[in-house]
Asks: 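The structure is given below, and queries will be raised subsequently.
Atoms within a ligand are numbered from 1 in the order they appear, just like the ligands themselves. Counting begins at 1 with the first residue of the sequence.
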Amino acid sequence: MNIFYKWSMCIILIFFCNFCVSYKPVFIIHGILAENSTMINFAQKIKEYHPGTKIYILSEYCGWNSLLPMMHQTKEIGFTLLQISALHPEGFHLIGYSQGGLLARAVLELFPEHRVHNFVSLSSPQAGQYGTNMLRIFFPHLIKEEAYKIFYSSIGQHLSVANYWNDPLHQSLFYKYSKFLPVINNDILPQNNSNFSYKSGIIKLHKLILIGGPDDGIIEPWESSQFGYYNENEEIVPMQNRKDYQKDLFGLKTLNKRGDLHIFTISGVRHHFWYRNITVIKQYILPWLN
Ligand SMILES: *[C@@H]1O[C@H](CO)[C@@H](O)[C@H](O)[C@H]1NC(C)=O
Ligand SMILES: *[C@@H]1O[C@H](CO)[C@@H](O)[C@H](O)[C@H]1NC(C)=O
Ligand SMILES: *[C@@H]1O[C@H](CO)[C@@H](O)[C@H](O)[C@H]1NC(C)=O
Ligand SMILES: *[C@@H]1O[C@H](CO)[C@@H](O)[C@H](O)[C@H]1NC(C)=O
């Protein structure tokens with residue numbers, strides 16, 4: 001009787017522990033100008049609540065290197081993503097913070113053979129950026145109304161921020177010069193004219209989670225974190241009313257119709273707190289990291 005009891009407990013424990021170690025690995029892409037170390041505490045929190053999770057933090061493009069052109073970064077990060085995919089063919093999750101979330105989306109599109117299940121985009125300028133607060137970090141005297149003169153030029157495009165600078169009042173220059181955002185939005189053909197499909201890597205995701213909020217302070221408009229953006233009158237057009245969604249240029253509509261696009265608007269969180277705020281981590285991020 002006693003022996004039987006012990007054995008059944010043992011079997012239950014083995015069964016249970018198979019569940020407790022079954023969290024999928026997580027790959028985290030840090031934000032602009034950040035060191036990879038900024039993500040260590042975040043990684044530790046994930047492990048605290050999901051013991052045994054294997055976490056990868058992007059170690060390239062830290063600090064000033066994060067200002068290198070987005071396409072260049074995308075291609076290199078793509079190789080890292082495929083390496084992790086090879087190590088974990090059963091699947092893993094991807095989190096991109098700020099500029100890192102936009103890089104993550106580009107990587108998913110350009111490397112559709114990836115094995116990512118859920119992608120959490122944490123306050124990332126997915127539809128672009130047009131705001132003086134972010135500019136101040138690099139150019140203390142530049143205002144958003146003038147930035148296009150620098151960013152929409154061949155030289156300006158050597159800077160990552162310029163690649164997703166989306167000035168609603170200078171859209172023709174945006175399409176003419178921007179080497180990144182219109183391309184990954186599948187809004188113009190890539191230069192090699194291959195009519196490459198940017199959709200397959202996105203629609204194969206199990207879930208796409210977009211997190212952002214009105215008190216962010218750096219991402220402008222904050223709605224860009226959820227694919228909303230300014231029209232030419234600087235009014236916000238929500239995702240569902242924008243062309244890239246309506247024409248399903250890179251799969252957002254497909255995901256949404258399937259019920260796999262999850263959008264969270266959270267107030268009271270400043271830009272640099274998204275990955276440090278325990279409530280945000282517990283309520284909005286962890287549930288997608290199973
Ligand atoms: C950060 O990057 C450095 C240099 O590439 C690497 O040695 C270190 O292990 C990385 N740290 C983390 C936490 O990934
Ligand atoms: C064309 O561009 C796409 C996207 O940049 C790339 O993945 C593809 O390999 C390129 N094709 C050729 C033939 O260069
Ligand atoms: C790419 O090709 C598809 C099918 O061949 C076509 O429907 C689509 O319009 C093309 N995209 C662009 C931007 O030309
Ligand atoms: C943390 O997030 C909650 C919402 O989930 C918010 O109300 C609170 O202000 C945030 N605190 C900080 C310091 O970001």
Asks: Just checking His271 against Tyr97, ring centres under 6.0 Å apart?
Replies: yes
Asks: Report yes or no: do Gln99 and Ser160 form a side-chain donor-acceptor pair below 3.5 Å?
Replies: yes
Asks: Give the atoms of ligand 4, by number and element, whose distance to some non-hydrogen atom of Val269 is under 4.0 Å.
Replies: 2 (O)
Asks: Using a strict cut-off of 4.0 Å, indicate which atoms of ligand 4 neighbour a heavy atom of Thr279.
Replies: 5 (O)
Asks: Among all the protein's non-hydrogen atoms, which is closest to atom 6 (C) of ligand 4, and how far away is it?
Replies: Ser267 O, 3.6 Å
Asks: Among protein heavy atoms, which sits nearest to atom 9 (O) of ligand 4, and what does the distance come to when rounded to 0.1 Å?
Replies: Gly268 O, 2.8 Å
Asks: Which residue and atom name correspond to the protein heavy atom nearest atom 14 (O) of ligand 4, and how close is it?
Replies: Asn277 ND2, 2.9 Å
Asks: Please give me the minimum heavy-atom distance between Tyr152 and His170, naming the atom from each residue.
Replies: CE1-O, 3.8 Å
Asks: With heavy-atom distances below 4.0 Å as the criterion, list the atoms of ligand 1 near Ile40.
Replies: 13 (C)
Asks: Should the pair Lys75 and Phe79 be classed as cation-pi, given the thresholds of under 6.0 Å to the six-membered ring centre and 45° from the axis?
Replies: no
Asks: Mark up the atoms of ligand 4 that fall under 4.0 Å of a heavy atom belonging to Ile266, in ascending order.
Replies: 4 (C), 5 (O)
Asks: Verify the cluster assignment for Leu102 and Leu249: are they in a single hydrophobic cluster under the rule of side-chain heavy atoms below 4.5 Å apart?
Replies: yes
Asks: If only side-chain N and O atoms count, and only distance matters, is there a donor-acceptor pair under 3.5 Å linking Asn185 with Arg105?
Replies: yes
Asks: Only counting residues at least two apart or in another chain, list the ones meeting ring pair (Phe, Tyr, Trp, His ring centres under 6.0 Å) with Tyr130.
Replies: Trp165
Asks: Can you check which of Thr38, Asn36, Leu58 brings a heavy atom nearest to atom 2 (O) of ligand 1?
Replies: Asn36
Asks: With heavy-atom distances below 4.0 Å as the criterion, list the atoms of ligand 1 near Ser59.
Replies: 1 (C), 2 (O), 5 (O)
